[in-house]
Chemist: 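Before I ask anything, here is the structure I am working with.
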Amino acid sequence: MRIVIIGSVAGGTSAAAKARRNSEENEIVIYDMDSDISYSGCGLPYYIGEDYITREDLTPRNAAWFKKRFNIDIFTGHRVNSIYFTGKTLKVLNLATGEEFTDSYDRLVIATGASPVMPDISGIESSYVFPVRNVRNADSIKKFISGSRPDKAVIIGGGFIGLEMAENLSLQGISVTIIESGHHVMPSMDSDMAVYIEEHLNKNGVNLITGDTVKEITGSGTRVITGSGSVIETEMIIVAAGVRPNTELVKGSGMTTGTHGGIIVDDKMETSIPGVYAVGDCCEVKSTVTGEYIYRPLGSTANKMGRIAGDVITGGSLSFRGVAGTGIFRTFGLGVAQTGISEKEAAEAGIDYIASHNIKENISKYLKESSELVIKCIVERSSERILGVQIVGKDGVDKRIDVFVSAMTFGAKVSDLFHLDLAYAPPFATTKDPVMYSGMILDNALHRGRRLVTAGELIAHRELYTVIDVRSKTDYDKGHIEGAISIPHEELKERLGELDKNSKYVTHCNKGTTGNAAQNLLLNSGFSEVYNLSGGYNQYRVTKSIKD
């Protein structure tokens, strides 16, 4: 059997390697128009920012290595121009010689990846403008920084790559402006979590512009004019406006594609055309949360899909179960992670859900290296199914998001989280880990009458609630919710007579714990409707600061 693979990064090489491990009999050929193969695309920002990371670290394998190790023929600098599915043939162009030839296949794997979105902006073709997608792009950026020593850069886009690039350009002594067309950075996250990222960026000297677009690039690439009319002088521009799947080869073929333009595959990685498979960033994948096809281009997913395709093609039984949509990155030392769907997506889907904000130390508070985590968890009311989680914090973000997504993958209810036997010692966790605490908060809200109100809900319906601030008078005087009654927790029991038991109350402290204690006191004293403010005043403060 002759297996032909188009594309030799994560998905393509993973498919080829697994097919070879399963069988020595098959002929395996890969074509790729690039010169680099099997590289770490996710490592590009760090290659740019850190001097100790070399090109070889990102490109540890070449075509000769694959030939020697796996007897796989990889032809770089070769572009597949056409696929003729009926005859199972390809037209391939050798970019070095200009020669075009025909090849045939018995099984075909499309692993063409994705290309950076280059917005339709006048002047974007300037030599001072750089996308960030492959190693050659990163080489160009490093060479420019080394030769020109720029002091200022503009990044178009405030998603994963844009925020990683902000940190790594800063490491090179470059002042950064980020322009994000959405109302906040990380548009895939909810605004009440993205605001923590924005505060952190501002503290680290990033000039952040949201809700605006780049209208024009002038001065041969040294001046950016925004849609609102702002003029920003710069010395280089990074385009990090997202990617789109490379599916030009299959357009007009009848192959099924999704709403994002990616190829749709089944759980065996087979497309709608028999004998043709697709893996990686050119594909849409099924969400394990919603069952819908989503576009989540990640190297980890591409590797998994490639392994499954290579196994299936050679008679194996592996199958793809979908993804929760998990992602994580770091910017200026702040970890940011998410999985599943956001609160906004849950609301748009008409799901009856509950959301909590849990602000807790990542390890025992008395250790000097402890720091806060903010965890937002979205849960379906009827089933207790965890729909999505978003976390920001300095340390421990990766550990917690992985616990959450593992629980989601294996169908845990939110009330199961408290019963997890998680590892504890002061340098690694708290006695009740923040994951367990999120489970406790939501279980109490769903089953034990300890209802929550989010800051967003309180702001939108402020007139419905009497707010009791149970923090110290000193904290209250520093800042408080408009119209809130100040009753420090230690005074609350003695002052219950001042309150109407039939009113609708919201109690709060700084983060939520003492607010819950006050809620308990009121409910146990016969008050009929009492809510705890999710995330306390800290969450209210940042939510209130969000721009409409």
Side-chain angles (χ1 to χ4, degrees), residues 42 189 193 196-197 200 288-289 298-301 303-304 321-340 354-379 383-448 450 452 510-514 516-517 534-536 538-539:
C42 297
M189 297 180 73
M193 293 297 286
Y196 287 100
I197 307 170
H200 188 72
T288 56
V289 177
L298 283 172
S300 53
T301 303
N303 270 287
K304 187 184 301 180
R321 300 181 183 181
V323 300
T326 308
I328 188 168
F329 70 96
R330 185 189 72 192
T331 185
F332 295 95
L334 183 73
V336 180
Q338 65 182 121
T339 191
I354 181 172
S356 73
H357 300 77
N358 175 21
I359 304 174
K360 288 289 180 293
E361 300 291 326
N362 70 313
I363 60 175
S364 293
K365 188 174 183 178
Y366 49 78
L367 295 175
K368 65 180 180 180
E369 63 268 31
S370 68
S371 59
E372 278 186 353
L373 293 169
V374 183
I375 302 175
K376 181 174 184 178
C377 189
I378 302 105
V379 173
S383 67
E384 292 188 47
R385 185 168 63 105
I386 304 168
L387 301 173
V389 179
Q390 300 166 42
I391 309 177
V392 297
K394 182 180 176 183
D395 293 308
V397 173
D398 54 341
K399 172 180 176 177
R400 274 64 184 211
I401 199 70
D402 283 344
V403 173
F404 274 113
V405 75
S406 296
M408 292 167 65
T409 300
F410 295 110
K413 296 180 179 180
V414 71
S415 56
D416 294 324
L417 296 178
F418 171 69
H419 299 282
L420 293 173
D421 186 18
L422 300 178
Y424 164 70
F428 301 101
T430 53
T431 50
K432 288 194 289 284
D433 189 88
V435 172
M436 299 166 66
Y437 221 105
S438 288
M440 292 165 56
I441 293 168
L442 287 159
D443 182 46
N444 281 339
L446 288 168
H447 301 300
R448 306 176 202 288
R450 273 48 182 172
L452 298 170
N510 277 319
K511 301 178 186 178
T513 302
T514 306
N516 174 244
S534 181
N538 287 8
Q539 185 61 47

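Here the structure is a predicted model, which is why all the values come from computation and not from measurement.
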Chemist: Between R385 (side chain only) and S383 (backbone N and O only), is there a donor and an acceptor less than 3.5 Å apart?
Modeler: no
Chemist: Run C42 and F329 through side chain to side chain contact (heavy atoms under 4.5 Å, CB included) and show every step you take.
Modeler: CA-CA 10 Å; C42 297; F329 70 96; over 6 Å; no
Chemist: Do I363 and P426 make a side-chain contact, defined as non-hydrogen atoms from C-beta onward lying under 4.5 Å apart?
Modeler: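 I363 does not reach P426 side chain to side chain.
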Chemist: Would you say the side chain of L420 lies within less than 4.5 Å of the side chain of V403, judging by non-hydrogen atoms?
Modeler: yes
Chemist: Are side-chain heavy atoms of I354 and L442 found at a separation under 4.5 Å?
Modeler: yes
Chemist: Holding to side-chain hydrogen bond (donor to acceptor under 3.5 Å, both in side chains), I want the full list of residues that pass it with T326, two or more places apart in sequence or in another chain.
Modeler: T339
Chemist: Any chance NZ of K304 has more than 12 other-residue heavy atoms, nucleotides or ligands included, within less than 6.0 Å?
Modeler: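 Open: at most 12 neighbouring heavy atoms sit under 6.0 Å from NZ of K304.
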Chemist: Which atoms form the tightest heavy-atom contact between I401 and I391, and what is the distance?
Modeler: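 Shortest heavy-atom contact: N-CD1, 3.7 Å.
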Chemist: Any side-chain to backbone donor/acceptor pair from H357 onto V374? Under 3.5 Å, distance only.
Modeler: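 Absent.
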Chemist: Does atom CZ (F418) have a neighbourhood of more than 12 heavy atoms from anything else shown, all under 6.0 Å?
Modeler: no
Chemist: Is it the case that the side chain of D416 and the backbone of K413 share a donor-acceptor pair, with hydrogens and angles ignored and the cut-off at 3.5 Å?
Modeler: yes
Chemist: Scan side-chain atoms only and decide if Y196 and Q390 contain a donor-acceptor pair under the 3.5 Å cut-off.
Modeler: no
Chemist: Keeping N362 on the side-chain end and S371 on the backbone end, is there a donor-acceptor pair under 3.5 Å?
Modeler: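 At least one qualifying donor-acceptor pair exists.
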Chemist: Before you tell me yes or no, could you show the steps for L446 and E384 under side chain to side chain contact (heavy atoms under 4.5 Å, CB included), namely the whole-Å CA-CA distance, both residues' side-chain angles and the distance that decides it to 0.1 Å?
Modeler: CA-CA 8 Å; L446 288 168; E384 292 188 47; 4.0 Å; yes
Chemist: Do you know the tightest heavy-atom contact between S370 and S364?
Modeler: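 Result for this residue pair: CB-O, 3.5 Å.
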Chemist: Rounded to the nearest 0.5 Å, what separates atom CG in D443 from atom OG in S356?
Modeler: 11.5 Å
Chemist: With rounding to the nearest 0.5 Å, note down the distance linking CG in N358 to SG in C377.
Modeler: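 With rounding to 0.5 Å, CG (N358) is 9.0 Å from SG (C377).
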Chemist: Could you check M193 against V392 for side chain to side chain contact (heavy atoms under 4.5 Å, CB included), going step by step and ending with a plain yes or no?
Modeler: CA-CA 8 Å; M193 293 297 286; V392 297; 4.2 Å; yes
Chemist: Just verifying a value: how many Å separate K399 NZ and L373 CG, rounded to the nearest 0.5 Å?
Modeler: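 If we round to the nearest 0.5 Å, K399:NZ and L373:CG are 10.0 Å apart.
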Chemist: Is the shortest heavy-atom distance from the side chain of V389 to the side chain of I375 under 4.5 Å?
Modeler: yes
Chemist: Would you say the side-chain atoms of N516 pair up with the backbone N or O of G512, donor to acceptor, closer than 3.5 Å?
Modeler: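 Pair absent, no side-chain N/O of N516 close to backbone of G512.
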Chemist: Starting from the C-alpha separation in whole Å, work towards a yes-or-no answer on side chain to side chain contact (heavy atoms under 4.5 Å, CB included) for V397 and V336.
Modeler: CA-CA 7 Å; V397 173; V336 180; over 6 Å; no
Chemist: Take atom CZ in F410; do more than 12 heavy atoms of anything else shown fall under 6.0 Å from it?
Modeler: no
Chemist: Could you pull out every donor-acceptor pair under 3.5 Å between side chains of residues 428-437 and any protein atom, sequence neighbours left out?
Modeler:
from, atom 1, to, atom 2, distance (Å)
T430, OG1, K432, O, 2.7
D433, OD1, R400, NE, 3.3
D433, OD1, R400, NH2, 2.8
D433, OD2, R400, NE, 3.3
D433, OD2, V435, N, 2.9

Chemist: Mind checking the OG-NZ spacing from S438 to K360? Nearest 0.5 Å is all I need.
Modeler: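 Output value for this atom pair is 8.0 Å.
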Chemist: If you look at every heavy atom in A355 and K376, which pair is closest and at what distance?
Modeler: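 What the structure gives for the nearest pair is CB-CE, 4.2 Å.
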Chemist: Any Lys/Arg nitrogen of K394 or E372 sitting under 4.0 Å from an Asp/Glu carboxylate oxygen of the other?
Modeler: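 No, K394 and E372 are not salt-bridged.
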Chemist: Quick one: are T288 and M408 in side-chain contact, heavy atoms under 4.5 Å?
Modeler: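 Not touching, per the 4.5 Å side-chain cut-off.
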